[in-house]
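Just so you know, ligand 1 is whichever comes first in the structure, and atom 1 is the first atom listed for that ligand.
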Amino acid sequence: MKLKKLALACGVATAMMSNTFAASTLEEVMKARGLTQKDILAAAKTYTPTGGRDEYLAFSSGGQSGQVIVYGIPSMRILKYIGVFTPEPWQGYGFDEESKAVLAQGRIQGKDITFGDTHHPAASETAGDYDGKYLFINDKANPRIAVIDLHDFETKQIVANPLYKSSHGGAFVTENTEYVIEAAQYPAPFKNEYVPLEKFNEEYRGGVTYWKFNREIGRLDPEKSFTIELPPYSQDLSDAGKGPSKDWSFTNSFCTERYVGGIERGRPPFEAGCSAKDTDFLHMINWKKAAELVAAGKADKINGMDVLSIETAVAEGVLFLVPEPKSPHGVDVTPDGTKIVVSGKLDTHVSVYSFEKLMAAVDAKKFEGKDPYGIPIISMQDALHHQVELGLGPLHSQFDSKPCVAYTSLYVDSMIARWDYCEGKVLDKVSIHYNVGHLMTMEGDTVNPDGKYLVSLNKLAIDRFNPVGPLHPQNHQLIDISGDKMELLYDMPIPLGEPHYVMAMKADKLKPAIRYKSGWDSRTDKRSPYKTRAGREKTVVTEGKVEVFGTTIRSHITPEIIEATVGDEVTIHLTNLERAQDETHGFSMYGQNVQLSIEPGKTVTAKFIADKAGVYPYYCTEFCSALHLEMEGYLLVKPKGYKDSGEKAEAGAVYTQADYDKQVKTNVETQAVIDSVVGFITSQNYQDFPPVVALVEDATDQLNFAQEAKAKSEAAAAKQDWQNGALWANQWWQYQVKAADIGLRAKTYLQQHDSKTIK
Ligand code: CUK
Ligand code: CUA
């Protein structure tokens with residue numbers, strides 16, 4: 001009765017849907033779903049059939065989630081959330097000891113911080129172009145930079161800025177990733193002490209930090225990093241120079257009024273006091289020369305970091321200011337490095353500065369004055385190439401493969417402007433939904449942009465998606481920029497924090513691994529000292545400690561029983577023995593906050609105190625094989641002084657010779673099936689197909705395990721131990737089934753990929 005009602009209700013609700021399903025021609029589908037020709041064209045430009053790949057991979061900041069979001073372009077399919085500043089259970093990030101150590105590097109004054117406000121991802125560059133090796137991202141709330149290795153898409157390092165109390169203008173890399181740039185934001189004292197706001201001008205400071213990147217080891221080197229002290233202006237976005245300007249970096253600022261707020265004390269709020277003047281300052285820094293000065297011992301150590309004082313930076317000619325229209329936000333260097341595009345939220349213009357003119361003023365020492373800290377100011381007239389009126393609220397700019405073509409987000413107008421920064425002409429505009437922050441074109445911040453697509457990172461998504469409560473998803477809109485008119489193609493909801501910037505790289509630049517070298521600690525990129533081989537698993541019990549050296553492989557965890565006494569520190573090292581692609585095992589345990597992800601080859605460690613006597617089942621959390629549910633075990637925590645009764649555990653089922661014979665008969669038949677599959681594969685040119693070679697390797701592994709189990713079952717049978725004989729015969733069969741499964745996958749692959757007999 002109930003079912004009938006439900007069916008009726010569903011029938012009404014899905015009437016339109018079922019029409020769509022019944023429709024068999026394109027025209028019928030268009031009619032049923034109310035789609036226009038333009039919609040169909042947009043769909044055809046983004047739809048990626050099963051098995052298809054994207055041309056670009058986008059790496060998006062995950063905003064407050066503290067993670068990085070990876071998605072494909074043009075399909076806009078999300079591929080991964082990389083755990084960066086925030087624990088991420090699926091990847092075991094922040095749960096295994098190896099990744100906990102990475103998160104611990106990001107402690108702020110000794111305190112664990114388990115989130116980040118990520119803003120700007122930056123890919124490593126060689127000669128100003130993405131090289132596909134590393135990704136960096138900043139945390140605005142707790143000034144930190146993280147390093148992600150694109151070999152395995154894992155976070156390897158977090159550095160915390162020892163001077164700032166917030167930062168925004170990071171991460172941006174210099175042309176050959178010599179340095180990763182991180183600018184401060186809200187001024188604060190460098191020392192970790194109380195300083196009254198009355199001392200703002202004297203003791204609060206801003207700065208730009210240059211984190212030295214050591215490409216050999218793929219890590220930032222704090223010892224070789226340095227900071228340029230800056231006045232207490234709120235430094236904002238930064239960009240590194242390119243080509244002729246490659247030794248320089250540029251950092252915006254707002255609130256050069258140095259207003260300190262105090263709305264509750266009857267003073268006008270920050271927003272009024274920080275936007276009173278007509279102009280703020282663009283900071284222009286010769287980082288190359290600054291690095292030489294630091295190397296020559298001209299820096300002071302503050303909180304362990306080399307700091308070049310304003311005084312030294314000015315005296316040595318590495319720091320200059322240029323006025324820019326008030327409350328600027330984006331600063332972007334053109335691909336040829338000759339111009340710097342600055343957009344001001346409160347101005348309808350973008351200001352295009354000429355690097356050549358800036359250098360002419362520097363060389364001629366032609367300044368219009370000094371700021372209160374003695375920094376020379378180059379006049380706007382002397383530095384501007386021109387200003388171009390684009391619309392309301394210009395924020396960020398990116399570039400096209402076509403010379404002189406830029407795209408700028410118009411926050412207030414909710415539009416993207418395409419314009420010519422050489423001639424100063426607007427070329428086209430397209431509406432977006434709504435209030436765009438950053439925008440991004442393919443490789444659009446390199447020396448060699450690809451054009452093709454643009455993604456608009458909108459701040460509001462009102463009315464775009466099915467409502468899911470007051471907190472809306474973010475909306476990344478994909479726009480086709482290959483033609484004369486920009487065309488909106490697709491809306492992608494992002495359900496994880498507010499991304500600020502995203503960058504996209506040609507997918508074929510990336511060469512991610514499919515497995516680790518055996519027994520690998522992926523966070524330190526070294527062989528783990530806890531690597532355990534098959535057959536060498538052991539549990540070491542010492543006073544107050546239980547240490548397990550275990551393994552995982554389809555479909556068992558070794559060990560399956562761990563015994564401890566209450567109060568013991570339990571350490572479990574697990575090595576995934578798998579070599580096959582995508583054969584990750586998980587490991588989670590009741591009540592201990594343990595959740596590991598063990599990818600093929602990886603070794604990880606869980607550590608906890610067994611502080612309560614009891615029974616703690618554990619199991620594999622990845623559906624890895626037909627007997628995945630049986631991938632299980634028990635941690636038994638005994639009370640102190642517990643005496644075993646000496647009773648023998650009785651098995652639930654008893655096996656006889658008949659059971660043994662029956663299983664062996666099945667195994668012999670199964671082997672015949674396997675032999676025929678193997679016969680097929682080896683009759684093909686399978687060596688020409690690397691995925692099949694990998695599958696064959698894996699199947700061979702499984703068949704070797706089957707042989708070992710077979711030997712054990714026969715040995716037991718020889719002693720008339722039918723119980724163990726039958727069980728080992730069953731294990732032998734389990735391995736056969738896995739081998740057969742893999743073999744069939746290989747066979748299907750060959751049949752679908754045109755191997756020689758199919759031709
Ligand atoms: S920011 Cu958020 S829209 Cu942090 Cu680059 Cu401009
Ligand atoms: Cu291993 Cu499920």
Tell me whether the rings of [X] and [Y] are parallel (<30°), tilted (30 to 60°) or perpendicular (>60°).
X: Phe153; Y: Phe59; answer: tilted
X: Tyr618; Y: Phe587; answer: tilted
X: Phe705; Y: Tyr735; answer: tilted

Need the ligand 1 atom indices (1-based, order shown) with element for anything under 4.0 Å from a heavy-atom of [X].
X: His120; answer: 1 (S), 4 (Cu), 5 (Cu)
X: Lys459; answer: 2 (Cu), 3 (S)
X: His168; answer: 1 (S), 4 (Cu), 5 (Cu)

Heavy-atom pairs closer than 4.0 Å: do any link ligand 1 to the side chain of Lys140, the backbone, both, or neither?
neither

Restricting to disulfide (SG to SG under 2.5 Å), what partner residues turn up for Cys274, sequence neighbours left out?
Cys255

Cys620: which residues meet the disulfide (SG to SG under 2.5 Å) condition with it, sequence neighbours left out?
none

For ligand 1, is Glu498 a contact, meaning one of its heavy atoms is under 4.0 Å away?
no

Quick check on Tyr434: does its OH atom have over 12 non-hydrogen neighbours (other residues, nucleotides or ligands) under 6.0 Å away?
yes

For atom CG of Asp582, is the number of surrounding heavy atoms from other residues, nucleotides or ligands below 6.0 Å larger than 12?
no

Run through the protein N/O/S atoms less than 2.8 Å from atom 6 (Cu) of ligand 1 and write them out by chain and number.
His329 NE2, His396 NE2

Which heavy atom of Leu135 sits nearest to which heavy atom of Pro121, and what is that distance?
CD1-CB, 4.4 Å

Do His119 and His438 have ring centres separated by under 6.0 Å?
no

Indicate, with yes or no, if the rings of Tyr179 and Trp287 have centres closer together than 6.0 Å.
yes

Do Glu182 and Ser167 pass the side chain to side chain donor-acceptor pair (under 3.5 Å) test, and can you show the C-alpha distance, the side-chain angles, and the key distance before you say yes or no?
CA-CA 7 Å; Glu182 181 196 23; Ser167 83; 3.0 Å; yes

Take atom 1 (Cu) of ligand 2 as the centre and count protein N, O or S atoms at distances under 2.8 Å.
4

With a cut-off of under 6.0 Å to the ring centre and 45° to the axis, is Lys80 in cation-pi contact with Tyr71?
no

